[in-house]
**Student:** 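Can you read through this structure? Questions will come right after.
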Amino acid sequence: MPDIPGILAGSFTMSPEQQLAQLVAGTAKVLSEKELLEKLKLGRPLRIKLGVDPTAPDIHLGHTVALEKLGQFQRLGHQAVLLIGDFTATIGDPSGRSATRPPLSRDEVLVNAATYTDQAFKILDKSKTEIVYNGDWFRKMSYEEILRLNSRVTLQQMLQREDFRMRIDAGKEIRLHELQYPVMQGWDSVEIRADVEIGGTDQLFNILVGRDLQKEEGQPQQVVMVMPLLEGLDGVRKMSKSYGNYIGVNDAPQEMFGKLMSISDELMDRYYLLLLGETRDANAHPMDSKKSLAEKVTNRYHGAEAGPAARADWETRFSKKDLASAELPEISVATLGDEYTVLSLSAFAFRSAFGIEKSNGELRKQFISTGSVQLNGEKLTDPTASVRPSPGDVLKLSKKHAVRFVA
RNA sequence: GGGUAGAUGCCCGAGUGGUUAAAGGGGGCAGACUGUAAAUCUGCUAGCAUUGCUUACGUUGGUUCGAAUCCAUCUCUACCCA
C-alpha cells in the first residue's frame with residue numbers, strides 16, 4: 001500500500017464551499033455532495049483518482065471531459081492521481097459492452113498508455129500529477145490474495161450490473177474474468193487511498209465497488225463523481241469516432257478551430273462547461289464566445305501560439321472570405337499531369353488534399369453546376385472545360401474545402 | 001422440434017408482375033440566407049458516360065416477353081407453442 005504523500009503546504013485559495021460549487025458544475029452525478037464538502041473541509045489536498053484504460057491509441061475531446069475535471073481539482077490544490085490500467089486493460093472493461101472485449105497485448109497497452117499520458121499532460125500539470133500503474137500491485141498478487149479479495153463481493157452484487165444483466169438476458173456469454181473487472185477497479189481505489197474517483201457515467205457501478213472495498217478495508221470511502229458523455233459535433237449523439245462527429249486532440253489547429261466554430265450555440269454551452277470548466281458570458285455575442293472557446297481549446301492542444309493563429313486565419317477565410325490570403329492545403333503543379341478538366345481537377349484536389357473520394361456524378365451535380373467550384377473566385381461551371389492551374393492559383397471546391405497550387 | 005411474421009438503397013419505411021434506380025421521412029452533401037450557429041428555402045444523395053449503359057430490393061435457382069413483386073431452395077431475424 002503506498003504511503004500518503006506528505007501534505008503540501010496547503011494554501012487553498014478558495015473556501016470549501018466555493019470549491020464545491022466549482023467542482024460540482026458539469027457533473028452528471030456526485031455521491032454525495034455532502035461527503036465531498038466534508039472532505040474538502042479537511043483542509044488537506046484530497047487524492048483524486050481517475051483511471052484510464054489504455055485500450056485505444058487515439059483520443060478525442062469526449063475523452064478529455066473527466067481529465068478536465070481532474071485538472072480542476074488539481075488547480076484547486078488537490079492531488080491528481082492518474083491510474084493507468086495497464087493490467088486491467090488486458091482484461092477489458094465490460095462497461096457498455098455487449099460482448100467480451102478482445103484482450104490487448106501488453107505491448108499494445110504500453111504504447112497506448114504513452115500516447116494517452118502525452119495528451120493528458122496537455123490538461124494536467126505533469127509535475128503535480130501522480131501516475132500509477134495497477135499492474136504494479138495486481139501482477140504481484142498471489143492466488144490466495146485474489147481469493148481473499150473475491151470473497152468480499154457477492155455474485156449477486158456483480159450481477160446487478162446492467163451490462164452483465166443484459167448479456168445474460170440476451171443469452172450472451174460472460175467469461176468469469178470479466179466479473180473481476182469491477183473488483184479490480186475497486187481495489188485500485190484501496191491501493192490509491194482515493195478520496196474521490198472521477199469517471200464517465202458508465203463507470204458508476206465500478207466506482208461504487210471501490211467504495212465497498214474501501215469500507216471493508218477500514219478506509220474512508222471515496223466520493224463518486226461521474227461526468228456526462230460529451231455530445232459530438234451534431235449535438236445529439238455522443239462524440240465517437242464511429243459516428244464521425246468527433247474532434248481529435250491531434251486534429252490540426254485549423255481543423256480543430258473550424259470544427260469548434262461549426263457547433264451549435266446550445267452545444268457551445270456544454271463544451272464550455274465540460275471542456276473548459278467555465279460558464280460562458282451570456283452577454284457576449286455567441287459568435288465571439290465560440291471563437292474564444294475554439295481559441296482556448298486549440299491553444300490547449302497546440303500551444304498558445306496556435307489558437308490566435310487559427311483564429312486569424314479562420315477570420316480571413318470565412319469572415320472576410322479572403323481565400324487568397326488564407327492558409328490552405330497546397331498542391332504542387334509539378335505533381336499534376338498535363339490534361340485536366342474542371343471535373344478531373346476537382347476530383348484530384350479532393351483526393352490529394354483531403355483524402356475524400358467524390359464520384360464524378362456528385363462533383364458534376366453538386367459542386368460544379370452549383371458554382372461551388374471556383375478558380376481564383378471565378379466559377380467553373382463546365383465540367384469538361386480544360387484547366388491548367390498556375391502556381392498561386394486558389395481552387396475553391398466548397399465552403400470548407402479549398403486548395404492552393406504552388407510551384 | 002413445431003408455428004407465424006419478416007429480410008428493400010446510409011438508416012427507417014412504402015411498394016405485391018410492366019411508366020420502379022424504386023414513394024415518404026431521417027441523415028448526409030451542395031447552394032442561397034447567416035455568425036462555417038439555429039431556423040428557413042432550393043437541389044443532389046448507386047456507378048460510369050454529354051438523355052444511354054451497368055449494378056441494385058437477404059442467398060441460389062426457376063416461371064415470364066418482362067419480377068423487388070410469382071414459385072422453389074437456403075441463410076438470418078422477431079414473436080408464439082413444446
Side-chain angles (χ1 to χ4, degrees), chain A residues 98-99 166 169-172 231-247 251-273 275 280-295 297-298 307 310-323 325-329 339 341-344 346-351 353-375 377-386 394-403:
Chain A
S98 54
M166 276 168 18
D169 290 347
K172 299 235 172 81
E231 294 85 355
L233 295 172
D234 55 25
V236 182
R237 294 181 296 183
K238 69 168 186 182
M239 186 175 282
S240 152
K241 200 170 183 187
S242 56
Y243 293 144
N245 62 356
Y246 69 100
I247 302 176
D251 281 357
Q254 285 178 61
E255 194 182 352
M256 185 177 273
F257 193 95
K259 281 181 178 176
L260 285 162
M261 286 307 289
S262 75
I263 64 176
S264 71
D265 290 356
E266 289 165 314
L267 192 58
M268 168 169 65
D269 290 339
R270 294 278 290 165
Y271 279 25
Y272 256 98
L273 184 61
L275 296 179
R280 86 170 182 94
D281 180 359
N283 295 319
H285 189 287
M287 186 184 58
D288 291 329
S289 302
K290 208 185 286 178
K291 281 180 183 172
S292 131
L293 166 77
E295 196 176 320
V297 174
T298 307
R311 176 175 182 152
D313 191 65
W314 185 88
E315 284 170 347
T316 305
R317 184 161 173 195
F318 295 106
S319 303
K320 298 180 193 149
K321 299 198 173 8
D322 179 9
L323 274 183
S325 347
E327 205 172 298
L328 301 172
E339 288 297 311
T341 62
V342 170
L343 184 66
S344 59
S346 306
F348 177 80
F350 260 118
R351 188 179 322 115
F354 303 102
I356 300 173
E357 289 293 340
K358 295 280 185 194
S359 73
N360 288 344
E362 193 178 1
L363 286 170
R364 225 192 294 264
K365 284 182 230 167
Q366 305 207 23
F367 293 84
I368 298 174
S369 67
T370 58
S372 176
V373 175
Q374 301 173 4
L375 189 65
E378 209 169 306
K379 291 181 182 178
L380 302 176
T381 50
D382 179 3
T384 59
S386 62
V394 170
L395 180 71
K396 171 177 167 275
L397 297 164
S398 77
K399 258 187 207 168
K400 300 178 187 180
H401 301 279
V403 297

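In this text, all values refer to a predicted model and were calculated from it rather than measured experimentally. Throughout, protein chains are lettered first and strands after them, A, B, ... in sequence-line order, and every chain is numbered starting at 1.
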**Student:** When rounded to the nearest Å, what value does the distance between P atoms of B/C53 and B/C71 take?
**Tutor:** 31 Å

**Student:** Which one is paired to B/C57, where only Watson-Crick or G-U wobble pairs with both distances under 3.5 angstrom count?
**Tutor:**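 Check on B/C57: unpaired, no WC or wobble geometry under 3.5 Å.
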
**Student:** Grab the CG-C1' distance between A/Leu363 and B/U45 for me, whole Å please.
**Tutor:**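 Rounded to the whole Å, the gap is 13 Å.
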
**Student:** Using only modelled atom types and a 3.5 angstrom limit, is any donor from either the side chain of A/Gln366 or the base of B/G31 paired with an acceptor on the other?
**Tutor:**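 Counting by modelled atom types and ignoring angles, no donor-acceptor contact under 3.5 Å is found here.
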
**Student:** Roughly how many Å apart are B/A21 and B/A56, using the C1' atom of each and rounding to a whole number?
**Tutor:**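 Looking at atom C1' only, B/A56 and B/A21 are 8 Å apart.
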
**Student:** Are any of A/Arg364's side-chain N or O atoms less than 4.0 Å away from OP1 or OP2 of B/A49?
**Tutor:** yes

**Student:** Using whole Å, what does the distance between atom P of nucleotide B/A30 and atom NE2 of A/His401 come to?
**Tutor:** 6 Å

**Student:** When the P atoms of B/A14 and B/G9 are compared, how many Å lie between them, rounded to an integer?
**Tutor:**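 Roughly 13 Å separates the two P atoms.
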
**Student:** State the pairing partner of B/C70; accept Watson-Crick or G-U wobble contacts with both distances under 3.5 Å, and report none otherwise.
**Tutor:** B/G62

**Student:** For A/Lys358 and B/C44, what is the distance between atoms NZ and P respectively, to the nearest whole Å?
**Tutor:**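 Atom NZ in A/Lys358 sits about 16 Å away from atom P in B/C44.
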
**Student:** On a plain distance test, is the side chain of A/Asn360 in donor-acceptor contact with the base of B/G47 below 3.5 Å?
**Tutor:**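 When only heavy-atom distances are counted, A/Asn360 does not reach the base of B/G47 through any donor-acceptor pair under 3.5 Å.
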
**Student:** Assign A/Gly258 to base, sugar-phosphate, or nothing according to its heavy-atom contacts below 4.0 angstrom with the strands shown.
**Tutor:**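 Base contact - A/Gly258 has a heavy atom under 4.0 Å of at least one base atom.
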
**Student:** Between B/C48 and A/Ser359, is there an OP1 or OP2 to side-chain N/O distance shorter than 4.0 Å?
**Tutor:** yes

**Student:** Which is true for A/Lys365 with a 4.0 Å heavy-atom rule: it touches a base, it touches only sugar-phosphate, or it touches nothing?
**Tutor:**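 Sugar-phosphate: the residue A/Lys365, judged by heavy atoms under 4.0 Å, touches backbone atoms but no base.
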
**Student:** Mind checking the C1' distance from B/G28 to B/A72? Whole angstroms is fine.
**Tutor:**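 Pairwise C1' distance, B/G28 against B/A72, rounds to 40 Å.
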
**Student:** Remember a base hit wins even if backbone is also touched, and classify A/Glu362 as base, sugar-phosphate or nothing at under 4.0 Å, heavy atoms.
**Tutor:**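 A/Glu362: backbone/sugar contact only, no base atoms under 4.0 Å.
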
**Student:** Is there a side chain to side chain donor-acceptor pair (under 3.5 Å) between A/Ser325 and A/Asp322 once you walk through the steps?
**Tutor:** CA-CA 6 Å; A/Ser325 347; A/Asp322 179 9; 2.3 Å; yes

**Student:** Between A/Lys290 (side chain) and A/Leu260 (backbone), is there a donor-acceptor pair under 3.5 Å?
**Tutor:**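 No, because the side chain of A/Lys290 does not come within donor-acceptor range (under 3.5 Å) of the backbone of A/Leu260.
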
**Student:** Does B/G43 have OP1 or OP2 under 4.0 Å away from a side-chain N or O of A/Thr370?
**Tutor:**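 False: A/Thr370 side-chain N/O out of range (4.0 Å or more) of B/G43 OP1/OP2.
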
**Student:** What's the CG-P distance between A/Leu343 and B/C48, to the nearest Å?
**Tutor:** 9 Å

**Student:** I'd like to know if the side chain of A/Asp234 reaches the main chain of A/Arg237, judged simply by a donor and an acceptor atom lying under 3.5 Å from each other, with no hydrogens or angles considered.
**Tutor:**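 Side chain of A/Asp234 to backbone of A/Arg237, a donor-acceptor pair under 3.5 Å: yes, one is there.
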
**Student:** Distance check needed: B/U34 P versus A/Lys321 NZ, whole Å only.
**Tutor:**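 Taking NZ of A/Lys321 and P of B/U34, I get 9 Å after rounding.
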
**Student:** If we take the C1' atom in both B/U60 and B/G15, what is their distance in whole Å?
**Tutor:** 24 Å

**Student:** To the side chain of A/Lys290, which of B/C48, B/G35, B/A30 is closest?
**Tutor:**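 That would be B/G35.
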
**Student:** Tell which nucleotide pairs with B/A5, taking only Watson-Crick or G-U wobble pairs whose two distances are both under 3.5 angstrom.
**Tutor:** B/U77

**Student:** How long is the gap from CG on A/Leu343 to NZ on A/Lys358, to the nearest 0.5 Å?
**Tutor:**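 So the gap between those two atoms works out to 13.5 Å.
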
**Student:** Please report the distance separating the P of B/G47 from the corresponding atom of B/U55, rounded so that it comes out in whole Å.
**Tutor:**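 Those two atoms are separated by 16 Å.
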
**Student:** Quick one: pull up CG in A/Leu363 and CD in A/Glu357 and give me the separation to the nearest 0.5 Å.
**Tutor:** 10.0 Å

**Student:** Toward the 5' end of RNA chain B, which comes first, A/Leu397 or A/Thr384, by nearest nucleotide?
**Tutor:**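 Looking at the nearest nucleotide for each, A/Leu397 comes out on the 5' side.
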
**Student:** Atom CG of A/Leu267 and atom P of B/A39: how far apart are they, to the nearest Å?
**Tutor:** 13 Å

**Student:** Atom OG of A/Ser292 and atom CE of A/Met268: how far apart are they, to the nearest 0.5 Å?
**Tutor:**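 Answer rounded to 0.5 Å: 9.0 Å.
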
**Student:** Which value, in whole Å, describes the distance between the P atoms of nucleotides B/C65 and B/G2?
**Tutor:**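 One P to the other, the span is 37 Å.
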
**Student:** On a whole-Å scale, what distance lies between the C1' atoms belonging to B/U34 and B/A39?
**Tutor:** 10 Å

**Student:** Go nucleotide by nucleotide along RNA chain B from the 5' end; which of A/Gly371 and A/Met261 gets its closest nucleotide reached first?
**Tutor:**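 Mapping each residue to its closest nucleotide by heavy atoms, the 5'-most match is A/Gly371.
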
**Student:** Without swapping roles, check the side chain of A/Tyr271 against the backbone of A/Glu231 for a donor-acceptor pair under 3.5 Å.
**Tutor:**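 Between the backbone of A/Glu231 and the side chain of A/Tyr271 there is a qualifying donor-acceptor contact (under 3.5 Å).
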
**Student:** Output yes when at least one side-chain N/O atom of A/Ser372 is less than 4.0 Å from OP1 or OP2 of B/G31, else no.
**Tutor:**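 Yes.
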
**Student:** Please state how far atom CZ in A/Phe367 lies from atom P in B/A32, giving the value in whole angstrom units.
**Tutor:** 13 Å

**Student:** Take atom NZ of A/Lys400 and atom C1' of B/G31, then tell me their distance rounded to the nearest Å.
**Tutor:**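 After rounding, the reported distance stands at 13 Å.
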
